[in-house]
Number of protein chains: 2
Amino acid sequence: MDKTKYPASTKKAQENMEASRPDTATRILDVSERLFVEHGFEATSLRMITQQAEVNLAAVNYHFGSKDALFEAVFMRRLAPLIASCLAELDELEAREEKLSVEGLVTTFIRPCLALSKDPARGGALFVRLLSRTLVENHRLLRETISQQYSVFVQRYSRAFHHALPELGVEELAWRMHFAFSVMFNAFAGNDVLKIFTRSQIVSARDPDMIVKYLVPFVVAGLVSPVEG
Amino acid sequence: MDKTKYPASTKKAQENMEASRPDTATRILDVSERLFVEHGFEATSLRMITQQAEVNLAAVNYHFGSKDALFEAVFMRRLAPLIASCLAELDELEAREEKLSVEGLVTTFIRPCLALSKDPARGGALFVRLLSRTLVENHRLLRETISQQYSVFVQRYSRAFHHALPELGVEELAWRMHFAFSVMFNAFAGNDVLKIFTRSQIVSARDPDMIVKYLVPFVVAGLVSPVEG
DNA sequence: GTCTATATGGGGATAGAC
DNA sequence: GTCTATCCCCATATAGAC
């Protein structure tokens, strides 16, 4: 199978988008995405995937070649559009405002994540959770495939934040960006840090708008806080 | 083996603490802790553990009963003392200050984590990373064992933060605590969110003091930021 | 307590009929 | 493209000698 084309963009998949049963490869991708989020990569077997997708066991290897390649396909199907959206928002913001606001910058990242989370056709909140999980699990696949491919993303945001917060040194800015992205990913991931450490029903409700209402001010406050000393 | 006593506190283990080769159960715990952090629970096999610990394959089941029970033992060996330290700091702070400061509260959590991170005899930064990872992976073992046992911890911090930030509503406070603990765990976990999103050599240096220098102000700023609207 | 040997099951991957 | 059947490996766990 052509590695640069994933089923979601093939003609057959498009034809079936409104049908009740998407084609085999898409069904595999959809189920895998959910199971990888729920159980992690290692704990998810091809047998679990193919049973729930109601396809034959051999279909995974036929369509994707291996379990590793399947993971990559699941990942790339969502990540490329997400990053493209962020950069598009960033372009728009830079064209609109001479002096970038931190809140504006944060929003260029959060809004596409939010839009994705609210769109069931693109997996809803599942992918953002998968992304967060994968970052923490430090997959070799992620290190090898993603980090090279999306250095553009990193560089764009680093420069933008430096522009918005010129008073911060390189080291301080790097740390703050690290903290900011950490908390944003965890928020969208809907992890259970909260259930254990706040034991709150409120927080475990995964309403994306609630996340943004409280998340953006928290992150912005941390980013813009005055330098000590 | 008595489930309430782990090797690190047995007489034999204490005798061997300064010797070059700790007893079998302790060796297994040490190696497991490292491997669970590196590869995750599912991807770590008993064969990897017993080979690196230079003990027999059957030793794990003899000493701990099962892989699940081993995980729990690895976890509880560190978590119980860590939580006890946090609560002790909290007691001390509450005795010392009438009006709790947010920075003081945050520090009661960070200081024990930092102390643990800097103490190789207690696994150094490994355990905090394991804790973070396990929270994200949402292990059943963690949900079942820990969350019941340590509701005290949750309640104490919730009340303390409510006391320090009385102007915040219940919902707003729950979210802020969630964000705060998320970013703190990720910081100590030394995840690679940073390597991908900031591509910085600075941040990947795992100097615990650097973490605190930048982490505390970030978290405090987010917690105390004025309520909108 | 420690070892060897093995039981038992599940994993990913593939060959070859249809 | 899809199916069945199977290969081969590795997993956890245990039985029983020492």
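Note that these values count all heavy atoms, side chains included, but never hydrogens, waters or copies made by symmetry. Nothing here was measured: the structure is a model prediction, and the numbers come from that model.
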Practice task
Look at all strands and tell whether A:T50 reaches a base, only sugar-phosphate, or nothing, counting heavy atoms closer than 4.0 Å.
Solution key: nothing
Practice task
Answer yes or no: is there an ion pair linking B:R156 with B:D91, defined by an N-O contact shorter than 4.0 Å?
Solution key: yes
Handout entry: Short side-chain N/O contact from B:N56 to OP1 or OP2 of C:dG1, under 4.0 Å
Key = no
Problem - Integer-rounded Å distance: D:dC3 P and A:E54 CD - result: 11 Å
Practice task
In whole angstrom, give the distance that lies between atom CD of A:Q51 and atom C1' of C:dG10.
Solution key: 12 Å
Completion exercise
Taking every heavy atom of A:L223 against every heavy atom of A:R176, the minimum-distance pair comes out as O-NH1, 2.6 Å
Practice task
Mind calculating the distance between NE2 (A:H63) and P (C:dG12) to the nearest angstrom?
Solution key: 17 Å
Exercise for the section: Report yes if at least one side-chain N or O of B:S45 is closer than 4.0 Å to OP1 or OP2 of D:dC10; otherwise report no. Expected result: no
Exercise for the section: Could you run through nucleotides 13-18 of chain D and give me one letter per nucleotide, 5' to 3': B if any protein heavy atom sits under 4.0 Å from the base, S if only the sugar-phosphate is that close, - if neither? Expected result: BB----
Practice task
Please confirm whether B:F153 and B:Y157 have ring centers closer than 6.0 angstrom.
Solution key: yes
Practice task
Measure from CE on A:M48 to P on C:dG11 and round the result to the nearest Å.
Solution key: 8 Å
Practice task
Taking only the side-chain nitrogens and oxygens of B:T24, find out if one of them lies under 4.0 Å from OP1 or OP2 of C:dT2.
Solution key: yes
Problem - Residues B:R77, B:D30; criterion salt bridge (charged side-chain N to carboxylate O under 4.0 Å, His left out); working and verdict - result: CA-CA 10 Å; B:R77 178 172 69 146; B:D30 290 344; 3.0 Å; yes
Handout entry: Whole-Å distance separating the NE2 atom of A:H39 from the C1' atom of C:dG10
Key = 16 Å
Fill in the blank from the handout: Heavy-atom nearest pair, A:L131 first then A:F75, reads CD1-CZ, 3.4 Å
Handout entry: A:L215 versus A:A187, closest heavy-atom pair with distance
Key = CD2-CB, 3.8 Å
